[in-house]
Number of protein chains: 2
Amino acid sequence: MGNGIVDDVDRALIAELQRDATQAYATLGKVVGLSAGAAHDRVRKLRERGVIRRTTVDVDPTALGRGVLAFVMVDSSAWMGDATESFAAIPEIQEAHIIAGTASVLVKVRTATTEQLQDVLRRLYLIEGVSGTQATVVLETFFERPVRAD
Amino acid sequence: MGNGIVDDVDRALIAELQRDATQAYATLGKVVGLSAGAAHDRVRKLRERGVIRRTTVDVDPTALGRGVLAFVMVDSSAWMGDATESFAAIPEIQEAHIIAGTASVLVKVRTATTEQLQDVLRRLYLIEGVSGTQATVVLETFFERPVRAD
DNA sequence: AGATCACACCGAACGGCATTCAGCCACCCT
DNA sequence: AGGGTGGCTGAATGCCGTTCGGTGTGATCT
């Protein structure tokens, strides 16, 4: 998995697709100096190799009623390495990472209201080994952008 | 902007598109019980309203040489509300948020190595008003998924 | 009630684009 | 030199995005 090299043309293609994945392969190819067929071939291989995981849409969280964003440091009294499913089972959690430092897990949470955020914290405490949480509410998001490709 | 209501069908369409934005509108319509034309119409309106911001691709950060992920709490001695551009100018920063609490800004950083992470911290200190940083390195990512649509 | 309007959907038609493929070229390995 | 591999071009084909006329429904106004 993940084999093969990602060259400059691949990176340019990825950057273009991140910007707008709906554009035609002919357009895409022109940007990097390739025919439509060649561009298509490269993108197909990038997908096969798992470099491009999927094509998706970016949505406005507020429009979906997920206007409250918070990061929560989760303290634990036990090894949390196998707790993926426990965190994934809470749908309001958008990301979960094991971290180095005093806390052991960092999660990114989106809810409609702060009351719902509180309820997520309650459900976090129900996870085996969780001994504490420290929530940080986001007041304003400067930006959220794709992984840098170039 | 952001006008109009997002009903259950819209949410189902968004959820499908988040899962796979390459599928045909006929398929998409079938999932929610709509014709291809109607599905296309709803998605077009969701785009116009800004509910769907863009169509993009999800990439594997490791494959692009961005294997190191860290969250950095940035302390400041001044008002940081207008510092968007300063943070955006550092390409390794993927997200930047103003937060409530002792720190004032939280940023998500992706680099190839921890040396490069250190260099990002150095550049953060160059931003006017930044008085300190506290970096938390991610050891393992459980998951990162789209905003919940349903 | 009846008339008018707005809105959402369907189904068909058109044209463009994704996808495939044969042929070609450059490079590497033996 | 010869054969194999990988990547590219350009063209052909068929599917799909996109548009549009027509219909049904519910709301508003007279």
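Below, chains carry the letters A, B, ... as their sequence lines are ordered, and counting in each starts from 1.
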### Message
Over all strands shown, is Ala38(B) touching base, sugar-phosphate only, or nothing at heavy-atom distances under 4.0 angstrom?
### Response
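Here Ala38(B) touches the backbone only, sparing every base.
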Measure the distance from [atom1] on [X] to [atom2] on [N] and round it to the nearest whole Å.
{"X": "Lys30(A)", "N": "dT9(D)", "atom1": "NZ", "atom2": "P", "value": "13 Å"}
{"X": "Tyr25(A)", "N": "dG10(D)", "atom1": "OH", "atom2": "C1'", "value": "18 Å"}
{"X": "Ile5(B)", "N": "dA8(C)", "atom1": "CD1", "atom2": "C1'", "value": "15 Å"}
{"X": "Asp41(A)", "N": "dT20(C)", "atom1": "CG", "atom2": "P", "value": "10 Å"}
{"X": "Arg44(B)", "N": "dC9(C)", "atom1": "CZ", "atom2": "C1'", "value": "13 Å"}
{"X": "Glu48(B)", "N": "dA8(C)", "atom1": "CD", "atom2": "P", "value": "12 Å"}
{"X": "Leu34(A)", "N": "dA18(C)", "atom1": "CG", "atom2": "P", "value": "14 Å"}
{"X": "Gln23(B)", "N": "dC15(D)", "atom1": "CD", "atom2": "P", "value": "18 Å"}

### Task
Answer yes if the side chains of Glu16(A) and Gln23(A) hold a donor-acceptor pair under 3.5 Å, and no otherwise.
yes
### Message
If you compare all heavy atoms of Val68(A) against all heavy atoms of Thr114(A), which two are closest, and at what distance to 0.1 Å?
### Response
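Scanning both residues, the minimum pair turns out to be CG2-N, 4.1 Å.
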### Task
Mind listing the closest non-hydrogen atom pair of Tyr125(A) and Thr133(A) along with its distance?
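Closest approach of Tyr125(A) to Thr133(A): OH-N, 3.2 Å.
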### Query
So with a 6.0 Å cut-off around CD of Glu144(B), is the heavy-atom count from everything else above 12?
yes
### Task
Taking the six-membered ring for Trp and the single ring otherwise, decide whether the centroids of His97(B) and Phe71(A) are under 6.0 Å apart.
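Yes - the distance between ring centres of His97(B) and Phe71(A) falls below the 6.0 Å cut-off.
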### Query
Out of dC10(C), dC17(C), dG17(D), which has the shortest distance to the side chain of Ala24(B)?
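That would be dG17(D).
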### Query
What's the closest nucleotide to the Ser35(A) side chain, out of dT9(D), dA18(C), dG17(D)?
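Nearest nucleotide to the side chain: dT9(D).
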Would you say [X] reaches [N]'s phosphate, i.e. side-chain N/O to OP1/OP2 under 4.0 Å?
{"X": "His40(A)", "N": "dA18(C)", "answer": "no"}
{"X": "Lys45(A)", "N": "dG7(D)", "answer": "yes"}
{"X": "Arg42(A)", "N": "dC8(D)", "answer": "yes"}

